[in-house]
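Because only heavy atoms are used, hydrogens play no part in the values below, and waters and symmetry mates are left out as well, while side chains stay in.
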Amino acid sequence: EGIDLAEDRQRFYALLDRLRIAYPPHGMAKDLADAKAIAARLGYPLLVRPSYVLGGRAMAIVYGPQELEPLLREAFAAAPQGEVLIDKFLEEAREYDVDALGDGQGICIAGIIEHIEQAGVHSGDSTSVLPPVWLQPAEREEMVSATRKLGVALGVVGLLNVQFAWARGKLYVLEANPRAARTVPFVAKATGRPLAKLATHLLLGRSLAELALQEDLQVNRCFVKAPVFPFSKFLGVDPRLSPEMRSTGEVMGVDRTLGVAFYKAQLAAGLRLPVAGKALLTVSARDHEAVVPVAQRLHSLGFALLATRGTAATLRAHGLQVEEVRKTREGRPHCIDVLKSGEVQLLINTPLGQSAQRDGWRMRTTAVAHGIPFMTTLTGASAAVEAIALRQADAHREVTCLQDLVRMDSADAVG
């Protein structure tokens, strides 16, 4: 019943209305005509997703009417009950996963995980950090309060996962899962508490108090979860991130600072960030201004900048020295040639909409084939650049057994 209440969107939104918790404007479509009417009412961009699917199957962001019908057909084909949810997509939103434990009467917050990528990337594919870095105390309090209300209303006994987004100063619930989420192993290792075992005891009738879970769980280091992708095994598949999950595993980096923890996580995921060389920047028009701070930081770290025409013009307008690189349709040598030549050590490419599948996929697949680290979101690029800065400075990187970290933290808590 709890799962149905969370998965049936009409019932779930009625519950959120009763609890006075906000959610994105939406509509539920049973056919293409319904979907097009909802799209016209909500306006673009939109998030299209089937109900009752896992891993973001057939989910997509739609930026204009020309993309709508083919993406809708795929979503309807994947929907087991023939219904597709259409949400207003929250642009430039910060996304969060909250894992919690419940005994039917109360809720213990196990961890609040902050996605480094903005909303629009599936939670399983996002690089995430625990504890949150950018979350303000008042925002945290509102998120925790909403999680407790939802957990009790859903009658959660065991594990609960709630996904939130902060957009334009307002908290929205994206979905709630009254079950174990893929984030549980990450949070368990970070907190040193066996969440699955504790949840089993709760399911067998024990209370939060009996398990010493009256207080929310805490961490005193920075834990970064990074996804592992199979793209090197499937050359030619576009590795851009989207609402549909692509990762096949994940790793964790731990340190006192976000930058070093991020670097460790990327290294464990098989992505060795460069400390010098050339960076190729080619971003969508909407990201031209936003990429400037990343480019300035790379320049200050000694990287030479290459960029395609539009990106290059913006960077030059901000006083940066940039070598312009042709797109594939502008003649040779072009960006693919440059990537294949071994000149580039880092690629930053932010795709937008269906055009990215035509214009950018060759750059991203070429980067995969040649082992060039690449970022497809600006927030991910910013984190990578800060990790590179710390690596250049030879920041101390302690390597410690996870069990030893738990023991040290327990000793600190007692002390």
Pairing of [X] and [Y] as salt bridge, 4.0 angstrom limit:
X	Y	answer
D216	R148	yes
E139	R94	yes
K264	D255	yes
R391	E386	no
R168	E91	no
R49	E175	yes
D103	R206	no

> Roughly how far, to the nearest 0.5 Å, is OG1 of T366 from CD1 of I336?
Replying inline: 4.0 Å
Any donor-acceptor pair under 3.5 Å from [X] side chain to [Y] backbone:
X	Y	value
N177	R179	no
K225	S126	yes
Q345	I372	no

At their closest point, which heavy atom of [X] faces which heavy atom of [Y], and how far apart are they?
X	Y	result
L90	P24	CD1-CG, 4.0 Å
A165	A93	CB-CB, 4.2 Å
G2	P178	O-CG, 3.7 Å
L339	M363	CD1-O, 3.6 Å

Is it true that atom [atom1] of [X] has more than 12 heavy atoms of other residues, nucleotides or ligands lying nearer than 6.0 Å?
X	atom1	result
R11	CZ	yes
H334	NE2	yes
K189	NZ	no

> Are Y96 and H115 close enough that their ring centers fall under 6.0 Å?
Replying inline: no
> Is the Y13 to Y23 ring centre distance short of 6.0 Å?
Replying inline: yes
> Out of L273, L281, V294, which residue meets the side-chain contact (heavy atoms from CB on, under 4.5 Å) rule with M375?
Replying inline: L273
